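Within every chain, numbering begins at 1; the chains are lettered A, B, ... in the order of the sequence lines, protein sequences first and strands thereafter. Note that the structure is a prediction, hence the values are computed from the model and not measured.
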Protein chains: 2
Amino acid sequence: MATTGKPVSAEIEALSAVLGTDASKLLDPTVAKAWIALLTAYGRVTRALSSELMDSSGMSLADFDVMAQLVRSEEYRLRMSELADAALISKSGLTRRIDRLAVNGWVTRRRCTEDGRVHWATLTPLGLRAFKGAAPGHLAAVADRFGSALPASEMERLTRDLLKIAAKNAEPINS
Amino acid sequence: MATTGKPVSAEIEALSAVLGTDASKLLDPTVAKAWIALLTAYGRVTRALSSELMDSSGMSLADFDVMAQLVRSEEYRLRMSELADAALISKSGLTRRIDRLAVNGWVTRRRCTEDGRVHWATLTPLGLRAFKGAAPGHLAAVADRFGSALPASEMERLTRDLLKIAAKNAEPINS
DNA sequence: TTGCAATAGTTGCACTTGCAATCAATTCGG
DNA sequence: CCGAATTGATTGCAAGTGCAACTATTGCAA
C-alpha cells in the first residue's frame with residue numbers, strides 16, 4: 001500500500017478445492033478469515049489516512065511516522081540507524097526519506113563529532129511546526145476511521161491480541 | 001509496512017507534550033496504542049511472509065494474492081477491473097502485475113470477443129501448478145506467524161473487530 | 001446515422017522501496 | 001602501531017506504485 005505504497009490485499013479462502021481436501025489442515029479457516037480481515041482493515045484505513053494526510057499537509061504517512069519518532073526523542077534527534085529501526089523501514093529507505101525531509105527544511109542531518117560514522121537526524125523548528133500543524137488532523141482521522149469502530153474495552157483487547165501477534169514475529173528490520 | 005512494498009510503521013504516542021495538554025482529546029491513548037499495535041503486527045508479519053514466499057516460490061505476496069483470486073474464480077478468469085478491485089490494487093498496478101505474471105507464463109490476457117473493451121486475465125495450467133506449489137508453504141507460514149498467536153475463540157473475536165473497522169472504511173479503490 | 005458520453009485498460013511520469021555493493025570511520029588483535 | 005574486521009550510512013539498480021492523461025470500444029440520444 002504506498003502509502004501509499006505497499007500492496008495490501010489477499011484472499012486465501014476457498015483453496016481447498018484446488019489444493020485438495022486437506023487445505024484446512026494447512027490453514028484453519030478461522031485463521032484464514034482473521035488474516036484476510038487484518039489485511040482488509042489495514043489496507044482500507046491506511047489508504048484513506050494516507051491520502052487525507054497528503055492532501056491536508058503535503059506529508060506522507062511515512063514522513064509523519066519519522067517526524068513523530070523525532071518529536072518524542074531527546075533533543076528531537078536520533079541516529080539514522082535508530083530512526084530506521086524505530087520507523088520500521090530499511091536503512092536505505094531512511095537515508096532517502098531524510099533527504100526529502102531535509103529539502104523541505106523539516107530535518108537536518110549532521111555528522112557526529114564523537115563518532116564520525118554516526119549521523120544525527122534532527123527535527124528543525126520548521127519541521128516541528130509542520131508536524132504540529134499536521135498532527136491534529138491526522139490524529140482526528142485515526143480516531144474517526146479506526147478508533148470509532150469499537151468500544152474502549154474491545155479496543156484494549158484488540159491491542160493485546162495484536163501485540164501477541166507482533167511479539168511472535170519480533171525480528172529487526174535491518175539484519 | 002509491507003511487503004514488499006509498502007511502508008509500515010508509526011508512533012503516535014507521547015505527542016501531548018508537543019501538541020499541548022489536549023492531545024488525548026484528539027486521539028484516545030487506548031486507540032493510539034491499538035493503532036500502533038495494528039501497524040506493528042501487520043508490518044512484521046507481512047514482511048516475514050513476503051520474503052519467505054519470494055525465497056521459496058519466486059512469487060511476491062501481491063502475485064500470490066492475484067493468483068489466489070483467479071484460482072477461486074469461475075474458469076480461473078476475471079476481468080481486469082474485477083481483479084483489481086478484488087486484489088485491492090489500482091488498475092494501473094494490476095495492468096503491470098499481469099504483464100509480469102504473463103512473462104512467467106502464469107497468466108494470459110485476452111480481449112473479450114463480446115465487449116472489446118474488456119480483457120480477461122486467465123490463470124494458465126502452469127500458473128495453477130505454480131500456485132499449488134507455493135500455497136502450502138505460504139499457508140503454513142500464515143498459520144505459524146499469525147494463526148498460532150491466539151486461540152480460536154480469540155481469533156474469531158479479532159476477526160469480528162477487524163471487519164467492523166474495515167466496514168467503517170468501505171470505499172472502492174478505483175474511484 | 002452520427003456524434004457525444006461512459007466504460008475498460010494502458011501508458012507516461014514522478015516517486016518510493018529494498019537489497020547488495022560500496023565508502024567511511026572506528027575498533028581490535030597481534 | 002598497523003592491518004583486518006566491524007559498524008554506520010549512502011548509492012546503484014531493478015523493481016513496484018498510483019495518478020492523471022490517453023486510447024479504444026461501446027452505448028445512447030437526437
Where the side chain of A62(B) is defined as all heavy atoms beyond and including C-beta, which of dT7(D), dT17(D), dT10(C) is the nearest nucleotide? dT17(D)
Proximal nucleotide (of dT10(C), dG16(D), dA9(D)) relative to the T95(B) side chain: dT10(C)
Check whether any side-chain N or O of E154(B) sits under 3.5 Å from a backbone N or O of P151(B) as a donor-acceptor pair, and report yes or no. no
In whole angstroms, how far is the C1' atom of dG18(C) from the CG atom of D85(A)? 15 Å
Interatomic distance, I98(A) CD1 vs dC15(C) C1' [rounded to whole Å]: 17 Å
Protein-nucleotide distance (E114(A), atom CD; dG8(D), atom P), rounded to Å: 15 Å
Once you apply the 3.5 Å cut-off to both distances, tell me the Watson-Crick or G-U wobble partner of dA20(C), or none. dT11(D)
What is the separation between atom CH2 on W120(B) and atom P on dT25(D), rounded to the nearest whole Å? 18 Å
On DNA chain C, does the nearest nucleotide to R111(A) precede the nearest nucleotide to M54(A) from the 5' side, or the other way round? Give the residue. M54(A)
Does the dC19(D) base have a donor-acceptor partner in the side chain of S92(B) within less than 3.5 Å? yes
OP1 or OP2 of dA9(D) sitting under 4.0 Å from any side-chain N/O of S81(A)? yes
R47(A) side chain N/O closer than 4.0 Å to the phosphate oxygens (OP1, OP2) of dG18(D)? yes
Rounding to an integer number of Å, can you tell me how far L61(B) CG sits from dG18(C) C1'? 15 Å
Spacing between M80(A) atom CE and dT11(D) atom C1', to the nearest angstrom: 13 Å
With a 4.0 Å limit, can you tell me whether R109(A) has a side-chain N or O closer than that to the phosphate oxygens OP1/OP2 of dT10(D)? yes
Name the orientation class of the two ring planes belonging to W35(A) and F146(B) (parallel below 30°, tilted from 30 to 60°, perpendicular beyond 60°). tilted
Pick the nucleotide of DNA chain C nearest each of R100(A) and T113(A); which residue has the one closer to the 5' end? R100(A)
Can any side-chain N or O of N169(A) pair as donor or acceptor with the backbone N or O of R145(B) at less than 3.5 Å? yes
The side chain of S90(A) is closest to which nucleotide in this list: dT17(D), dT7(C), dG18(C)? dG18(C)
Spacing of D115(B) atom CG relative to dG9(C) atom P, expressed in whole Å: 8 Å
How would you label the contact of R96(B) with the nucleic acid (heavy atoms, under 4.0 Å): base, sugar-phosphate, or nothing? base
Salt-bridge test for R109(A) and D99(A): reply yes if a basic N is under 4.0 Å from a carboxylate O, no otherwise. yes
Whole-Å distance between dA24(D) P and H119(B) NE2? 11 Å
Looking only at non-hydrogen atoms, find the nearest pair between T159(B) and T30(A) and report the distance. OG1-O, 4.3 Å
